[in-house]
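Keep in mind that this is a model prediction, so the values were computed, not measured. Values below: every heavy atom of this structure, side chains too, minus hydrogens, waters and symmetry copies. Lettering of chains follows the sequences in order, A, B, ..., and the numbering in each one begins at 1.
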2 protein chains.
Amino acid sequence: MRSNSRKEFTFIELARRQQIIDATIESAAKEGYAGTAVSKVAQKVNISKSVVLYHFRNKDELIEETVTQIYDSLWSFVQPRILAESTANAQLRAYIEAEFEYLEMNRDQLLALSSIITNHRNKQGDLYLLEKATEAYLDLIGPMLEAGQQSGDFRSFAIVPMARTLMHAINGALEHWVRHPDISLRDYAGELMTLFDLATQQ
Amino acid sequence: MRSNSRKEFTFIELARRQQIIDATIESAAKEGYAGTAVSKVAQKVNISKSVVLYHFRNKDELIEETVTQIYDSLWSFVQPRILAESTANAQLRAYIEAEFEYLEMNRDQLLALSSIITNHRNKQGDLYLLEKATEAYLDLIGPMLEAGQQSGDFRSFAIVPMARTLMHAINGALEHWVRHPDISLRDYAGELMTLFDLATQQ
DNA sequence: GACAAATTAGAACGTTCGGTCTATTTTTAT
DNA sequence: ATAAAAATAGACCGAACGTTCTAATTTGTC
């Protein structure tokens, strides 16, 4: 009897789950969300697909845990880098730099994330993961921008368009990098840093 | 016998095809690319699904013609507005303004476009519509930015990151508008205009 | 009005999907 | 060593997919 109430996972189960999640990330990155079927994920790990559904209640749970894991990993990398800076300008640059560094190390993770959250819907048809992700993003980046306006480092722009543009600009970099793997991500990051330096400047 | 060699379409056939394409747009906008099945499109028009595949060779052709039509419509609206301006700064603002105007009038078109091109793959698994669309975009916006640099109106930034950020910024506005239909698109457009004014400025 | 072409509906096909069920093997605990 | 629990493979299910086929109906033409 597993996972009734708050039973902890065994090491084996944790390993299996991680293995399956990794395969899900790889599949979603390479074949997209639509191409990520339970059977294909299982095949990647060389297990029967019923094993996937033994370790995860259903596909939705697998998808959600995959997304959660990626987000936790990403933000736990990025957030300290932001908080390490004291001025708003430095924080903004640190955020872009950190996100690009993470991007370079975890391409498939962010590709999978993007493909999943823009396609995965609940029974009601809502892109609820996209909604949650966007809200979480604004909650993290919004205050940073507002602080910059309070301190006088930033001009008074509307927070949402600026934060969204920043978010989508970085996603655009990922999209570009996928199709042109030889570009310098460092250069791209540098371009975005000056771009948003100028865009936010007083 | 229809569509052998270069037989023209009858008025009725043209009307049917347009009807089907419109339903495809509506479906892709509301249910996403994955939710856009031939049977559902047919249902929207109250015809049998075999009728859809009578007027279009297969689903791929339906999707491609839908995308082509949206792009032709969008660019034939936007491009004259750009060319009507003489300075690079004015062209950039005109482009953003025009794209937002089109957006406000044709929400479903651009939602469908976005969902389709980021998901539709050929047998080899390539997102070829996304690739084509991005290249076409860069071919149109890139020269405008380069001209601005030549004339000294713009600083010397890398074209691709700037063009891509512009593209994704507008797509981000669409995404935001969908979830917050009451926002002022005019305001959002204004924010982007100043943002990119500053970002490109000498 | 008759005949051919264009258009349509609906059944059917093979495939894939997420999910369930059962039986078997492997692991763990005593 | 043995009994219980965990883990796995594989068959199976109903639903949905794109596509094909056939038969019927509508339309256009002479």
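Closest to the B:Leu53 side chain, of the nucleotides D:dT20, C:dT7, C:dA9, is D:dT20.
B:Phe56 places its CZ atom 14 Å from the C1' atom of C:dT7, with the value rounded to the nearest Å. Summarising the geometry, the separation between CD on B:Glu31 and P on D:dA16 is reported as 14 Å, rounded to the nearest angstrom. Taking atom CG on B:Asn58 and atom C1' on D:dG18, their separation rounds to 9 Å, with Å as the unit. Residue B:Lys59 contributes atom NZ, which lies 15 Å from atom P of D:dT20 at whole-angstrom precision. Atom CD1 of A:Ile63 and atom C1' of C:dG18 are 12 Å apart (whole Å). If you measure from atom CD1 of A:Ile20 to atom P of D:dA9, you get 10 Å, rounded to the nearest angstrom. Rounded to whole Å, the distance from OH on A:Tyr33 to C1' on C:dC17 is 12 Å. Atom-to-atom, CZ of A:Arg121 to P of C:dG18 comes out at 17 Å; the value is rounded to the nearest Å.
Here A:Tyr54 does not reach the OP1 or OP2 of D:dT8: none of its side-chain N or O atoms lies under 4.0 Å away. Note on B:Arg57: every side-chain N or O is 4.0 Å or more away from OP1 and OP2 of D:dT19.
Distance alone, capped at 3.5 Å, is enough to place a donor-acceptor pair between the B:Thr36 side chain and the B:Ala28 backbone.
A salt bridge links B:Arg164 with A:Glu175: the closest approach of a Lys/Arg side-chain nitrogen to an acidic carboxylate oxygen falls below 4.0 angstrom. The residues A:Arg93 and A:Asp197 are annotated as salt-bridged, a charged nitrogen and a carboxylate oxygen being separated by less than 4.0 angstrom.
Surrounding CD of B:Gln18 are more than 12 heavy atoms belonging to other residues, nucleotides or ligands, all under 6.0 Å away.
Taking the six-membered ring where tryptophan is involved, the planes of B:Trp75 and B:Tyr71 are essentially parallel, since the angle between them stays under 30° and well short of 60°. The aromatic rings of B:His176 and B:His180 lie tilted to each other, with the angle between the two planes from 30° to 60°.
A:Asp153 and A:Ser151 form a side-chain donor-acceptor contact under 3.5 Å, judged by distance and modelled atom types alone.
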Shorter than 3.5 Å, N or O on both sides, protein versus nucleotides 10-13 of chain C: list them out with atom names.
unit_1: C:dG10; atom_1: N7; unit_2: B:Ser48; atom_2: OG; d: 3.1
unit_1: C:dG10; atom_1: O6; unit_2: B:Ser50; atom_2: OG; d: 3.0

